[in-house]
Amino acid sequence: MEFLDRDKFVIGIEKARSKQIPSNYTKLTAAQIAQINRGPFRSGLVAHQEVGIRPACVLPYELYADGNFSKDGTSYELQLAAANQAHGARSAGAPFNVYLRNLAGRAPGAGMMAATYAVKPGDTLTKNIPLSLFADSGYSILVHGPNGFYRAFTGRSSSSHSLYVGVLHEREGAQLTGNVMVRLKVQGKEPVNVSIHDNSYKSNTIARKIEPDSETSVVLNLKQSHGWYDFTVKSEHSSDEARYAGHVETGSPSFSDPLMGGMVS
């Protein structure tokens with residue numbers, strides 16, 4: 001292997017300090033910026049990766065992150081897990097970056113807190129986040145993990161919130177199918193209408209009516225997106241939303257994200 005010449009690169013870095021600031025750019029207008037935000041994958045104003053998908057190696061991740069309100073309604077219970085049931089001794093732990101936004105006493109959009117948690121294989125870490133940290137306009141809790149793993153829990157609620165959401169990887173025996181199972185449970189006296197909306201891969205919206213003190217499961221077939229998912233769970237009786245995105249690692253080779261590859265239109 002031809003190793004890098006360290007001294008050569010250090011000298012180049014030092015010389016870069018005296019270079020002029022780049023000026024050969026085009027300033028975007030407000031309309032162009034809005035166009036990019038509306039459809040970044042369709043915009044010709046920004047760089048794009050090569051169109052298409054490629055084979056992806058096996059990754060020993062089985063990651064979960066769910067959030068629900070405490071029984072007394074004063075805090076949000078966040079559970080971060082790196083399971084080891086699907087991949088056994090090969091299972092990998094994971095870092096989770098957690099961001100709390102819309103904090104009380106800060107200008108709108110200006111205040112946030114961040115923390116990173118490392119979870120070892122087979123372990124679950126639970127954090128109780130006081131709702132008093134957030135402004136009156138509502139809570140905003142974001143979780144980022146490896147390989148596109150993402151969760152967003154947002155809304156305004158209290159102890160009257162009655163919908164429990166849990167997301168698992170579907171199994172057939174000891175094997176993962178590559179699909180996601182969404183568990184919905186209602187505690188209370190009234191039925192709750194729930195929708196599961198696909199944000200990226202063009203699957204149809206799923207609606208369910210959950211009766212009081214009952215639980216149901218909905219399986220999302222991810223074959224068309226090669227195990228990649230991005231969906232939002234929402235109740236029509238509440239402003240609370242839970243968004244889930246990532247990839248199901250079954251232990252077999254897969255493919256890169258078709259959305260990033262410009263294959264979803």
Side-chain angles (χ1 to χ4, degrees), residues 52-68 78-94 96 119 121-122 124 143-153 163-186 192-210 214-235 241-265:
I53 57 175
R54 297 293 182 270
C57 295
V58 177
L59 296 174
Y61 288 128
E62 187 184 355
L63 308 181
Y64 302 107
D66 287 307
N68 289 281
L78 183 65
Q79 292 186 330
L80 309 173
N84 60 357
Q85 298 179 10
H87 308 293
R90 298 186 299 111
S91 300
F96 292 94
V119 181
T124 298
V143 181
H144 293 260
N147 197 34
F149 186 91
Y150 176 74
R151 302 291 187 261
F153 306 104
L163 177 66
Y164 167 87
V165 181
V167 172
L168 299 170
H169 297 168
E170 187 194 34
R171 296 177 179 277
E172 285 185 356
Q175 301 296 319
L176 298 183
T177 66
N179 298 327
V180 160
M181 176 183 292
V182 183
R183 296 173 56 198
L184 304 169
K185 183 177 180 180
V186 169
V192 175
N193 293 319
V194 179
S195 65
I196 302 175
H197 173 72
D198 187 299
N199 299 307
S200 299
Y201 302 101
K202 306 302 181 182
S203 295
N204 294 329
T205 297
I206 298 173
R208 289 288 187 274
K209 184 176 182 179
I210 316 299
S214 65
E215 179 178 335
T216 189
S217 296
V218 178
V219 175
L220 306 183
N221 191 317
L222 306 179
K223 182 178 181 180
Q224 183 176 349
S225 59
H226 303 291
W228 296 92
Y229 61 91
D230 178 7
F231 62 91
T232 296
V233 181
K234 181 173 173 55
S235 164
E241 294 186 3
R243 183 172 181 175
Y244 300 82
H247 185 252
V248 179
E249 294 290 340
T250 63
S252 299
S254 184
F255 290 91
S256 57
D257 185 357
L259 179 68
M260 291 182 63
M263 302 295 289
V264 182
S265 59

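E249 has no carboxylate O lying under 4.0 Å from a charged side-chain N of R90, or vice versa, which leaves the two without a salt bridge.
Between S235 and L163, the closest heavy-atom pair is CB-CD2, 3.9 Å. Of all non-hydrogen atoms in V248 and Y229, the two that sit nearest each other are CG2-CE2, 4.1 Å. The two residues V143 and A65 make their nearest non-hydrogen contact at CG1-CB, 4.4 Å. When every heavy atom of V58 is checked against every heavy atom of S252, the shortest pair comes out as CG2-C, 3.4 Å. Taking all atoms of both residues into account, the shortest heavy-atom contact from A94 to A82 is N-CB, 4.4 Å. Nearest approach of P121 to G93, heavy atoms of both residues: CG-N, 3.3 Å.
In this structure, the side chain to side chain contact (heavy atoms under 4.5 Å, CB included) partners of I206, at least two apart in sequence or on a different chain, are I196, R208, V218, L220. Every residue two or more places apart in sequence or in another chain that forms a ring pair (Phe, Tyr, Trp, His ring centres under 6.0 Å) with F255 is listed here: H226. Residues passing the ring pair (Phe, Tyr, Trp, His ring centres under 6.0 Å) test with H87: none are found, sequence neighbours excluded.
Going from atom OG of S203 over to atom CZ of F231 covers 10.5 Å, rounded to the nearest 0.5 Å. For the atom pair CG of N147 and CG of L59, the computed distance is 5.0 Å after rounding to the nearest 0.5 Å. To the nearest 0.5 Å, atoms CG (N199) and OG1 (T232) are separated by 3.5 Å. To the nearest 0.5 Å, the span separating OH on Y201 from CG on L259 amounts to 5.0 Å. Interatomic distance, NE2 of H247 versus OG of S225, reported as 8.0 Å (0.5 Å rounding).
Residues V180 and Y244 form no side-chain contact, since every pair of their non-hydrogen atoms from C-beta on lies 4.5 Å or further apart. Residues K202 and V264 form a side-chain contact, since some pair of their non-hydrogen atoms from C-beta on lies under 4.5 Å apart. The closest side-chain heavy-atom distance from L63 to P146 is below 4.5 Å. Counting heavy atoms from C-beta on, the side chains of T205 and D198 never come closer than 4.5 Å.
At least one donor-acceptor pair closer than 3.5 Å links the side chain of S256 to the backbone N or O of R54. Judged purely by atom type and a 3.5 angstrom limit, R243 has no side-chain atom pairing as donor or acceptor with the backbone of F153. Of the possible donor and acceptor atoms, one in the side chain of D66 sits under 3.5 Å from a partner among the backbone N and O of V167. Of the possible polar contacts, one joining the N179 side chain to the L222 backbone as a donor-acceptor pair under 3.5 Å is found.
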Does the pair R183 and L168 meet the rule for a side chain to side chain contact (heavy atoms under 4.5 Å, CB included), with working shown?
CA-CA 8 Å; R183 296 173 56 198; L168 299 170; 3.8 Å; yes
What's the verdict on side chain to side chain contact (heavy atoms under 4.5 Å, CB included) for E62 and Q85, showing C-alpha distance, side-chain angles and the deciding distance?
CA-CA 8 Å; E62 187 184 355; Q85 298 179 10; 4.0 Å; yes
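Between T177 and E170, the side chains place a donor N or O and an acceptor N or O closer than 3.5 Å (distance only, hydrogens not considered).
Summarising the local packing, CD of E215 is surrounded by more than 12 heavy atoms from other residues, nucleotides or ligands at distances under 6.0 Å.
Screening F149, Y61, Y150 for a ring pair (Phe, Tyr, Trp, His ring centres under 6.0 Å) involving F96 leaves a single residue, F149.
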